[in-house]
Number of protein chains: 2
Amino acid sequence: MEEPRKRARPGRSPAPAGRTARPRQAEVARLAGVSQATVSLVLADKREGPAISEETRQKVLEAARSLGYVPDPAARRLAAARNNLLGVFSFTATFPTDVQHSYYPFLVGVEREAAERGYDLVLFTGSSTGGAGAAGPEALSRVRLADGCLFLGRHAPVQELGRLVTDGFPVVHLGRRDDPEGLHWVGADYVSAAHEVVDHLAALGHRRMVLIREDDEAPASTDREHGFLKGLETAGLHGGPETVFRSADPARDLTPERLRGWLADGVTAFVAEETDTGAAWRALLRAVADAGLDCPRDASLALLGSPPADLADGPEPTGFDIPRTRLGAAAVRMLAALVAGEEATEPLVACAFRPGATSGPPPAVHGH
Amino acid sequence: MEEPRKRARPGRSPAPAGRTARPRQAEVARLAGVSQATVSLVLADKREGPAISEETRQKVLEAARSLGYVPDPAARRLAAARNNLLGVFSFTATFPTDVQHSYYPFLVGVEREAAERGYDLVLFTGSSTGGAGAAGPEALSRVRLADGCLFLGRHAPVQELGRLVTDGFPVVHLGRRDDPEGLHWVGADYVSAAHEVVDHLAALGHRRMVLIREDDEAPASTDREHGFLKGLETAGLHGGPETVFRSADPARDLTPERLRGWLADGVTAFVAEETDTGAAWRALLRAVADAGLDCPRDASLALLGSPPADLADGPEPTGFDIPRTRLGAAAVRMLAALVAGEEATEPLVACAFRPGATSGPPPAVHGH
DNA sequence: CACATCGATTAATGCGTATTAGTAATGCGC
DNA sequence: GCGCATTACTAATACGCATTAATCGATGTG
């Protein structure tokens with residue numbers, strides 16, 4: 001913005017200062033004694049399109065090599081009407097100092113897949129309200145500079161996202177989301193994953209199990225419950241409403257007494273939802289310990305997700321891992337498809353089942 | 001490259017499908033009832049150049065806003081202007097699966113500083129040799145899409161980097177590097193940092209100290225040695241060649257006997273270079289332990305850097321930390337300066353001195 | 001009242017490449 | 001030997017934006 005930056009005068013002289021300027025196709029063409037278009041054709045190396053004689057091809061390649069010709073990416077992208085850029089927009093800093101909450105695992109997948117497909121990544125930071133970019137609602141429209149954009153985090157304003165979507169700008173949200181109508185997203189397949197956990201427990205011989213969940217309506221929660229209930233159904237087990245224990249504060253409500261009550265009722269396995277805080281899982285572990293029970297022996301436990309970092313050294317919970325890296329890759333795949341004008345690809349990514357050490361056969365029942 | 005991708009027929013119809021296409025200046029112009037040139041002028045917001053009436057300005061800005069107009073970076077570049085994009089190029093994946101080797105701490109600073117200055121970041125992935133992008137010399141040239149580019153890692157090919165540099169394309173390398181002539185870089189100030197460590201030891205009363213270093217010629221190594229020797233000089237201490245112990249395999253050569261020899265000669269402090277492997281530091285710790293010495297009491301130790309991750313729980317070594325985040329920020333500052341046509345900013349970033357627990361006063365000398 | 005002045009805007013052009021319509025040259029069949 | 005393909009290229013143009021020369025109306029001047 002500051003300095004207009006001298007440009008070569010509109011006039012003739014295409015290569016004024018001899019050596020210094022980068023060679024253009026025009027100069028390669030001159031050296032090879034052909035037209036610029038021919039150079040472009042040779043270097044494009046298409047199979048279709050106009051034929052080129054082997055002789056000409058060699059002349060051009062030789063000329064290009066000797067001049068050290070390298071295509072100008074800006075011109076290339078301008079002409080191609082696409083710039084091979086995918087945006088990544090996060091509403092917090094993409095690289096938070098607090099590594100715990102970082103999108104790192106996603107980015108690993110995003111980068112890999114993007115590279116694979118020949119895309120470069122543009123990082124937009126929603127939190128960059130400080131600098132030049134006016135932080136108004138139109139801040140989001142910066143992303144239009146890319147061919148499409150990936151959104152991370154749930155803080156994306158519905159309004160603006162909807163605008164992009166209805167404008168036909170390719171957008172993919174990382175994490176399931178129903179909000180702006182027609183928004184594309186990729187997410188972990190919690191339904192199948194929870195189902196699989198139930199399968200595992202059922203295969204071990206458990207006939208009654210209870211899901212401990214917190215009291216919120218996020219899709220991630222309801223999906224897990226769905227999968228859990230479907231799993232029970234598939235296994236031919238009872239799936240009534242009492243198989244789901246829902247509490248806004250599991251640490252308070254999930255008492256050892258309640259646990260014993262369930263056990264007395266024949267419940268042998270407990271499945272906890274995973275959340276940010278891991279409250280359900282913590283409460284479950286606590287209750288089991290307080291009731292003086294031994295985990296794999298007296299009762300089997302499972303966690304519908306990965307344990308919180310501070311419990312990482314405990315016994316590995318039966319459950320599943322969210323395939324963050326693969327989610328990132330899947331998001332890029334879908335985005336690439338949308339950019340190419342194709343149908344959206346599969347939004348669900350399978351979770352990785354983790355046998356873990358917190359489940360085993362149910363305790364033998366005496367009266368049987 | 002793959003799919004020729006239908007382009008709008010050369011004919012008239014500029015905006016065929018209504019909503020979908022990205023808005024261009026031409027459409028903003030139409031909506032505002034002015035010419036494309038006027039739109040460009042308004043959006044450029046120059047102080048010089050043709051005057052624009054306030055009324056027109058507002059009309060254009062309003063139209064641009066309502067369409068969500070964003071300039072095409074490629075076109076901007078091609079027209080010899082600025083993008084507000086800074087490139088980040090790494091030759092390994094920017095987000096490796098192995099988080100240990102990640103550039104993460106740098107990126108934190110890079111992102112923050114870039115946002116501060118109103119730049120967006122483009123991640124160019126050099127390691128994408130597997131996929132579509134042929135890894136030819138032009139791989140590097142993609143970065144020309146941005147206004148300037150930051151390079152991470154030491155694997156950047158000199159040849160191609162040099163090309164960018166001589167072409168006047170703004171480039172900053174993260175980490176000191178002398179190789180392509182004229183390449184700008186930012187790096188940690190190892191000289192001062194090592195100097196400071198020596199100051200600290202001297203202030204504690206140490207009169208003789210030895211630097212343990214590995215046998216390589218990386219600038220990072222020689223800088224540390226320089227700082228060490230300068231530190232000795234400043235403190236008025238002996239700085240002969242025997243104050244530097246250089247070994248290709250410290251684990252083998254740094255024996256307890258040798259250590260005792262030094263102690264007998266009056267050496268009371270040992271300073272180890274930091275490297276990837278931390279070999280010098282490990283050998284030093286081992287030798288001290290094997291010699292049955294107590295670290296802060298019988299001999300003081302210092303490490304010119306941060307300890308390797310697996311030694312993180314040991315006593316905190318006296319030494320310094322490499323300010324990676326600030327290095328990232330400094331790199332962006334310099335790059336921004338270069339892009340603006342200004343002088344390069346200060347390349348050296350101070351390290352943070354760490355008093356640590358491995359140094360103390362030298363043992364009292366009886367015969368004194 | 002013809003003419004230079006100034007301000008606001010536009011027409012025209014270039015940036016470097018990809019693409020497509022078109023041209024010249026050659027080969028082929030009848 | 002004249003259409004008609006086919007081959008091998010080239011000319012022309014568009015891509016989206018910045019820039020500059022030119023235009024036009026309004027104002028002022030001698």
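So you know, we letter chains A, B, ... as the sequences are listed, proteins then strands, and number each from 1.
Contact annotation: B/Thr56 reaches the phosphate of C/dT9 (side-chain N/O to OP1 or OP2, under 4.0 Å). In this structure, B/Arg76 reaches the D/dA18 phosphate: one of its side-chain N or O atoms is under 4.0 Å from OP1 or OP2. Not one side-chain nitrogen or oxygen of B/Lys46 sits closer than 4.0 Å to the OP1 or OP2 atom of D/dA18. Proximity of B/Ser53 to the phosphate of C/dT9: a side-chain N or O atom is located under 4.0 Å from OP1 or OP2. Between C/dT10 and B/Thr38, a contact under 4.0 Å exists linking OP1 or OP2 to a side-chain N or O.
Rounded to a whole Å, the CG atom of A/Asp72 is 18 Å from the P atom of D/dC15. Going from atom CG of A/Leu78 over to atom C1' of D/dC17 covers 8 Å, rounded to whole Å. As a whole-Å value, the separation of A/Asp45 CG from C/dT19 P is 13 Å. For the pair B/Leu145 CG and C/dT17 C1', the computed distance is 14 Å after rounding to whole Å. Going from atom CG of B/Asn83 over to atom P of D/dA18 covers 10 Å, rounded to whole Å. Going from atom CD of A/Gln25 over to atom C1' of D/dA11 covers 15 Å, rounded to whole Å. Atom C1' of nucleotide D/dA14 and atom CD of A/Gln36 are separated by 12 Å, given to the nearest angstrom. In this structure, the CZ atom of B/Arg77 is 17 Å from the C1' atom of D/dC15, given to the nearest Å.
Smallest separation of non-hydrogen atoms from B/Val339 and B/Asp147: CG2-O, 3.5 Å.
A/Glu62 and A/Lys59 are not joined by a salt bridge, as no carboxylate oxygen comes within less than 4.0 angstrom of a charged side-chain nitrogen. For the pair B/Glu113 and B/Arg117, the salt-bridge criterion is met [side-chain N within less than 4.0 Å of a carboxylate O].
Nearest to the side-chain atoms of B/Ser35 among the listed nucleotides C/dT10, C/dT9, C/dT19 stands C/dT10. Minimum atom distance to the side chain of A/Ser40 is reached by C/dT19, of the listed C/dT19, D/dC17, C/dA12. Comparing C/dT19, C/dA12, D/dC17 against the side chain of A/Leu41 picks out C/dT19 as the nearest.
Here B/Val34 lies in heavy-atom contact (under 4.0 Å) with sugar-phosphate atoms only. Counting any heavy atom pair closer than 4.0 Å across all strands shown, B/Pro50 reaches a base atom.
Comparing B/Gly33 and A/Ala74 by the nucleotide of DNA chain C that holds the closest heavy atom to each, the one mapping nearer the 5' end is B/Gly33.
Using cut-offs of 30° and 60° on the angle between ring planes, the pair B/Phe151 and B/Phe91 is parallel.
At least one donor-acceptor pair under 3.5 Å links the side chain of B/Arg77 to the backbone N or O of B/Arg144.
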